[in-house]
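What follows is one structure encoded as structure tokens, with my remarks underneath.
Along the sequence shown, residues are numbered consecutively beginning with 1.
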Amino acid sequence: MGKTVEVNLTLSNLLDDKFRVADETHILSISDSPSDLTASFSKDGLLALLAMDNCDGIRIYPAVNNNELIMIAWGTYGKDDLMGPGYFCLASNDQGAVPINGAVTIEGVEQVPTELASALVSGNGSGTKIVDDLNKVRYQTGLKVLFDGSFFTDQDFDEIMFEVIDVKLSDTDELKRTIIGTAKYKNDEVFSKMSFLPCPPNCGGGAYGNEHS
């Protein structure tokens with residue numbers, strides 16, 4: 001088991017979109033155990049994604065590159081739809097941006113074409129063991145978590161660290177897997193936000209942030 005976060009939210013809360021992005025006021029405790037996957041994205045990179053035409057959010061995916069677990073940041077529009085061919089994504093591990101064969105540098109930010117990012121998310125071309133590790137991280141469900149663009153534009157941060165976590169809700173013992181984003185400010189303060197978009201598996205939530213492709 002990786003890092004666990006206990007929150008003062010119930011399963012029924014997740015049926016209401018206004019509760020489906022939780023901040024640190026909802027967090028009761030965080031375990032000391034390490035996350036199964038962590039990645040750090042720079043402010044410049046995230047804002048470069050949001051500067052793409054009609055981009056209004058960023059979806060975070062676990063992925064694989066060169067037999068290493070990483071995360072992909074992928075722009076969305078209309079909350080549900082991924083930016084398609086001709087657009088770009090970001091790739092990072094816990095140390096920051098990772099070099100990807102086929103990436104391009106645009107205004108100082110290394111960006112990954114969406115077609116290549118799709119292969120990294122699916123694990124295409126990677127070994128069986130690392131793909132098994134990827135599936136364990138995402139619980140075989142294709143874990144993908146949406147953060148609204150306001151999380152990035154409203155905060156004065158240098159970077160945001162995303163961590164795969166297991167959430168303990170107040171009315172069930174079943175852990176729900178999602179991703180927490182922690183903005184690191186220039187004065188060393190931090191601000192954390194969890195996203196339940198799309199809703200964790202089997203919560204029965206609404207459609208917001210749940211694209212079907």
Side-chain angles (χ1 to χ4, degrees), residues 1-3 34-55 57-77 79-147 152 159-166 176-181 195 197-198 200-201 209-213:
M1 181 183 297
K3 178 172 289 188
S35 169
D36 289 339
L37 178 59
T38 300
S40 181
F41 291 87
S42 71
K43 178 179 182 178
D44 288 344
L46 294 167
L47 294 184
L49 292 189
L50 289 170
M52 296 187 299
D53 292 343
N54 301 316
C55 183
I58 294 176
R59 193 183 292 279
I60 306 298
Y61 287 84
V64 176
N65 176 59
N66 289 335
N67 290 318
E68 176 192 16
L69 291 177
I70 62 171
M71 287 189 184
I72 295 290
W74 196 319
T76 66
Y77 63 96
K79 302 298 187 298
D80 288 340
D81 297 310
L82 294 173
M83 307 299 284
Y87 291 94
F88 297 90
C89 304
L90 306 175
S92 286
N93 60 16
D94 60 341
Q95 300 300 308
V98 295
I100 303 291
N101 187 25
V104 297
T105 300
I106 303 174
E107 296 184 359
V109 176
E110 185 169 289
Q111 302 185 38
V112 181
T114 55
E115 300 90 334
L116 177 54
S118 180
L120 298 174
V121 169
S122 65
N124 287 351
S126 298
T128 301
K129 182 181 183 304
I130 193 67
V131 172
D132 286 344
D133 291 342
L134 175 64
N135 287 332
K136 289 175 184 176
V137 166
R138 60 190 183 186
Y139 278 11
Q140 304 283 350
T141 61
L143 177 67
K144 51 190 183 296
V145 177
L146 176 69
F147 288 83
F152 310 100
E159 62 183 20
I160 292 184
M161 180 178 68
F162 293 100
E163 296 178 277
V164 173
I165 60 168
D166 295 315
K176 303 295 184 180
R177 177 145 287 199
T178 188
I179 292 175
I180 188 170
S195 177
L197 307 172
N210 283 292
E211 110 284 340
H212 299 293
S213 61

Minimal non-hydrogen separation, V112 against A117, with atom names: CG1-N, 3.8 Å
Looking at side-chain heavy atoms only, is the closest gap between E107 and D44 below 4.5 Å? no
Going from CE on M83 to CD1 on I58, what distance comes out if it is rounded to the nearest 0.5 angstrom? 10.5 Å
Under 4.0 Å between a side-chain nitrogen and a carboxylate oxygen: does that hold for K136 and D132? no
What one should report as the nearest heavy-atom pair of E110 and L90 is O-CD2, 3.8 Å
Do you know the tightest heavy-atom contact between A119 and S122? O-OG, 3.0 Å
Per the salt bridge (charged side-chain N to carboxylate O under 4.0 Å, His left out) rule, which among K3, R177, R138 passes with D36? R177
Is it the case that over 12 heavy atoms from other parts of the model lie below 6.0 angstrom from the CG atom of N66? no
Do the side chain of S92 and the main chain of S40 share a donor and acceptor less than 3.5 angstrom apart? yes
Give me the atom names and distance for the closest heavy-atom approach of G102 to P113. O-CD, 3.6 Å
Over 60° means perpendicular and under 30° means parallel, so classify the ring planes of F162 and F41, tilted if in between. perpendicular
For N67 versus G127, what's the shortest heavy-atom pair and its separation? OD1-N, 3.5 Å
Once you round to the nearest 0.5 Å, how far does CG of L120 lie from CD1 of I72? 5.0 Å
Heavy-atom distance under 4.5 Å between the side chains of L82 and T114, does that happen here? no
Please find the pair of heavy atoms, one from L49 and one from G75, that lie closest to each other, and give the distance. CD1-N, 4.3 Å
What's the separation between atom CG in L116 and atom CG in N101, rounded to the nearest 0.5 Å? 8.0 Å
Rounded to the nearest 0.5 Å, what separates atom OH in Y61 from atom OG in S118? 8.5 Å
Are L134 and I130 close enough that some pair of their side-chain heavy atoms sits under 4.5 Å apart? no
So do C55 and Y77 actually touch side chain to side chain, heavy atoms under 4.5 Å? no
Got a second to check how far D133's CG is from L37's CG, nearest 0.5 Å? 10.5 Å
Going by the side-chain contact (heavy atoms from CB on, under 4.5 Å) test, name the single residue among I165, L69, I179, D94 that passes it with T38. D94
Which of M52, Q111, E115 passes side-chain contact (heavy atoms from CB on, under 4.5 Å) with Y87? It is M52
